[in-house]
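Written out below as structure tokens is the structure these notes cover.
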Number of protein chains: 2
Amino acid sequence: MPRPLIDLLWRDHPDAPAGGRRGPRARVATGDVVATATRLADAHGLAAVTIRTLAAELDVSTMSVYTHVNSRDDLLVLMADAAHATVELPAFGRQGWRSRVRAVADANRALLARHTWLLDVADERTALGPGTIAKYDHELRALTPLDLDAVTQDAALTFVLDFVRASARAAVPTAGAGELAAHWPEWGVRLASYLGGEFGLAQQVGAAAGEAQQGTRDPDFAWRFGLARVLDGLAGLAGA
Amino acid sequence: MPRPLIDLLWRDHPDAPAGGRRGPRARVATGDVVATATRLADAHGLAAVTIRTLAAELDVSTMSVYTHVNSRDDLLVLMADAAHATVELPAFGRQGWRSRVRAVADANRALLARHTWLLDVADERTALGPGTIAKYDHELRALTPLDLDAVTQDAALTFVLDFVRASARAAVPTAGAGELAAHWPEWGVRLASYLGGEFGLAQQVGAAAGEAQQGTRDPDFAWRFGLARVLDGLAGLAGA
DNA sequence: CTGTACGCCGTACAACGTACAGTGTCATGA
DNA sequence: TCATGACACTGTACGTTGTACGGCGTACAG
């Protein structure tokens with residue numbers, strides 16, 4: 001059984017337990033497992049990260065993976081923290097809170113675009129990792145100009161990041177999209193007949209929104225719209 | 001093989017195909033399957049909704065379930081639409097947009113509190129269901145006082161609902177929470193030693209936020225905070 | 001009465017995470 | 001130097017999941 005998760009998360013820290021030196025040298029390190037799993041997830045989605053394919057990719061036996069990682073759930077935490085550690089954290093300098101928040105939002109949007117699978121990792125233990133904590137610390141600084149108390153500052157950051165996550169999620173084709181597209185010719189007419197004249201507003205707005213979404217015209221309208229709303233929403237805190 | 005999903009979604013509509021009258025009478029209807037699955041999901045989470053336990057609950061054989069539902073994925077869509085159909089859609093009357101939006105947010109919060117598993121259903125085909133469409137139509141009306149164009153109106157509603165979803169998700173203990181709590185005595189001190197004096201802001205704010213979250217003091221601070229931000233954010237659209 | 005559409009069911013398969021019981025290898029304490 | 005024991009690694013096996021497939025019996029249409 002490998003070291004506990006907390007030590008695996010901090011495995012690069014000087015104080016991290018190195019583990020005994022006995023026995024054969026490990027052919028792969030925990031970092032390799034995490035990196036390979038991340039590559040798989042980037043390429044084929046989180047569902048493609050199975051212990052078996054991961055082991056094959058690492059050229060070790062299936063069960064060998066458990067030498068470096070306690071469980072698949074732990075692995076996801078390690079992957080998430082490693083991903084968080086990759087985001088750049090440039091000092092904000094003299095920027096005002098608006099451009100700071102904008103920078104944070106953009107960075108997270110890019111992160112989630114690179115690693116869509118992060119949307120499917122919801123494990124509280126991620127908060128224990130060095131990458132996650134460093135990122136959190138940095139992002140809190142985006143809000144210091146607003147001079148909020150601690151609880152409010154945390155809530156404000158959560159508010160921003162939740163928007164980014166939702167926005168990123170909308171950009172991903174969800175389950176059943178293929179089915180829908182495949183049957184749309186039949187189902188579309190069927191649906192129209194069911195609807196008849198009812199729900200006119202929904203039909204009109206839905207059609208317009210759907211058209212705008214897949215048309216090349218302004219692909220990220222929703223992003224700019226939402227981010228503007230977020231900033232306007234936070235603006236009320238500036239004067240308080 | 002049962003009827004296609006679109007017809008199952010609209011199975012209560014007068015024009016829905018009734019299916020032939022031959023063969024033995026069905027012991028359960030699609031609606032029963034959906035209702036039972038919903039009960040299971042409410043009580044034990046979506047993971048507890050397996051075809052086998054569902055069949056046992058309905059007192060039929062495992063494979064019989066597939067007579068009434070095409071697949072588990074389809075079932076989730078049916079469950080989601082049925083849940084959407086339960087929300088009340090009271091006319092807004094003379095209310096202004098602020099209280100309308102507030103009502104929509106509250107209704108969705110209550111819905112997600114009743115059926116937490118809705119957070120785990122992300123299937124685009126849900127949008128085809130009568131309950132979902134009726135709900136969408138109603139919620140769009142919350143924004144009509146703002147007099148937005150169709151695309152913006154849809155984006156604004158999405159903005160509100162995404163906030164509610166994120167808020168609801170935060171209220172649910174995520175995976176690994178048990179593990180975390182179990183090992184916290186050891187891991188807490190370990191983490192403190194790893195952190196040392198670094199990331200002071202994160203430590204301070206994180207501690208305050210964590211304390212406030214589990215303290216009885218103001219359990220839904222984040223909700224009120226976020227909703228206020230959302231409303232403030234939308235306010236900018238009123239004057240345009 | 002007969003054909004057939006339809007509800008129901010038992011068996012079986014592939015894939016998953018992972019527990020368990022090893023086997024072999026190497027640094028170390030005697 | 002040698003025995004000890006820690007450690008990386010592996011094969012087998014179990015329980016669980018969704019569901020494809022084929023068969024069986026029922027009750028209505030002709």
Side-chain angles (χ1 to χ4, degrees), chain A residues 1-5 7-8 11 17-33 37 40-41 44-79 120-121 123 175-176 179, chain B residues 1-5 7-8 11 17-33 37 40-41 44-79 120-121 123 175-176 179:
Chain A
M1 175 125 127
R3 290 160 278 167
L5 178 61
D7 291 324
L8 288 183
R11 64 193 180 277
R21 293 256 161 267
R22 298 214 242 203
R25 275 208 306 276
R27 286 163 48 196
V28 300
T30 302
D32 299 332
V33 178
L40 279 173
H44 307 107
L46 202 54
V49 180
T50 67
I51 302 294
R52 278 171 240 258
T53 64
L54 186 50
E57 206 75 12
L58 289 164
D59 206 42
V60 290
S61 85
T62 301
M63 293 308 292
S64 249
V65 172
Y66 289 103
T67 304
H68 305 97
V69 144
N70 291 295
S71 67
R72 186 173 186 273
D73 283 352
D74 277 25
L75 173 62
L76 298 189
V77 173
L78 294 171
M79 290 169 66
D120 299 326
V121 179
D123 195 307
E179 278 291 301
Chain B
M1 176 128 125
R3 290 161 276 168
L5 178 61
D7 292 324
L8 288 182
R11 63 192 181 279
R21 294 256 161 266
R22 296 212 243 201
R25 276 207 307 275
R27 285 163 48 196
V28 301
T30 301
D32 298 331
V33 178
L40 279 174
H44 307 107
L46 202 54
V49 181
T50 68
I51 303 295
R52 278 170 240 260
T53 63
L54 185 51
E57 206 76 11
L58 288 163
D59 207 42
V60 289
S61 86
T62 300
M63 293 309 292
S64 252
V65 172
Y66 289 102
T67 305
H68 308 285
V69 144
N70 291 294
S71 67
R72 187 173 184 274
D73 283 351
D74 276 26
L75 173 63
L76 299 188
V77 172
L78 293 171
M79 289 168 66
D120 299 325
V121 179
D123 196 307
E179 278 291 301

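Chain letters run A, B, ... following the sequence lines, proteins first, then strands; residues in each count from 1. Hydrogens, waters and symmetry mates play no part in the numbers below; they use all other heavy atoms, side chains included.
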- Summarise how protein sits on nucleotides 24-30 of chain C as a single string, 5' to 3': B when a protein heavy atom is under 4.0 Å from the base, S for sugar-phosphate-only contact, - for no contact. BBBB---
- Where protein sits on nucleotides 10-15 of chain C, one letter per nucleotide: B base, S sugar-phosphate only, - none, heavy atoms under 4.0 Å: BB----
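D73(A) places its CG atom 12 Å from the C1' atom of dT18(C), with the value rounded to the nearest Å. Going from atom CZ of R27(A) over to atom P of dT10(D) covers 5 Å, rounded to whole Å. Nucleotide dC8(C) holds its P atom 15 Å from the CD1 atom of I51(B), rounded to whole Å. If you take CZ of R3(A) and C1' of dA6(D), they are 14 Å apart, rounded to a whole angstrom. Separating the CG atom of L58(B) from the P atom of dG7(C) is a distance of 15 Å, rounded to the nearest angstrom. If you take OH of Y66(A) and P of dT12(D), they are 17 Å apart, rounded to a whole angstrom. In this entry the distance linking CG of D74(A) with C1' of dG17(C) reads 13 Å, nearest Å. Atom CG in L75(B) sits roughly 10 Å away from atom P in dT19(D) (whole-Å rounding).
Closest approach of A26(A) and H68(A) over heavy atoms only: CB-NE2, 4.1 Å. Of all heavy-atom pairs spanning A37(B) and L54(B), the tightest one is N-CD1, 3.6 Å. Closest approach of L46(A) to A41(A), counting heavy atoms only: CD1-CB, 4.2 Å. Summarising the geometry of R27(B) relative to V60(B), their closest heavy-atom pair is NH2-CG1, 3.8 Å, with the distance given to 0.1 Å.
Side-chain atoms of D7(B) never come within 3.5 Å of backbone atoms of P17(B) as a donor-acceptor pair (strictly under, hydrogens ignored).
Comparing V28(A) and A47(B) by the nucleotide of DNA chain D that holds the closest heavy atom to each, the one mapping nearer the 5' end is V28(A).
In this model, the phosphate group of dT10(D) is approached by a side-chain N or O of S64(A) to a distance below 4.0 Å at OP1 or OP2.
Using a 4.5 Å heavy-atom cutoff, the side chains of L76(A) and D123(A) are not in contact.
Remark: the S64(A) side chain and the T67(A) side chain contain no N/O donor-acceptor pair separated by less than 3.5 Å.
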- Message: Before you tell me yes or no, could you show the steps for L8(B) and D74(B) under side chain to side chain contact (heavy atoms under 4.5 Å, CB included), namely the whole-Å CA-CA distance, both residues' side-chain angles and the distance that decides it to 0.1 Å?
- Response: CA-CA 9 Å; L8(B) 288 182; D74(B) 276 26; 5.5 Å; no
- For the pair R11(A) and L78(A), evaluate side chain to side chain contact (heavy atoms under 4.5 Å, CB included) and give the outcome as yes or no after the intermediate values. CA-CA 10 Å; R11(A) 64 193 180 277; L78(A) 294 171; 4.1 Å; yes
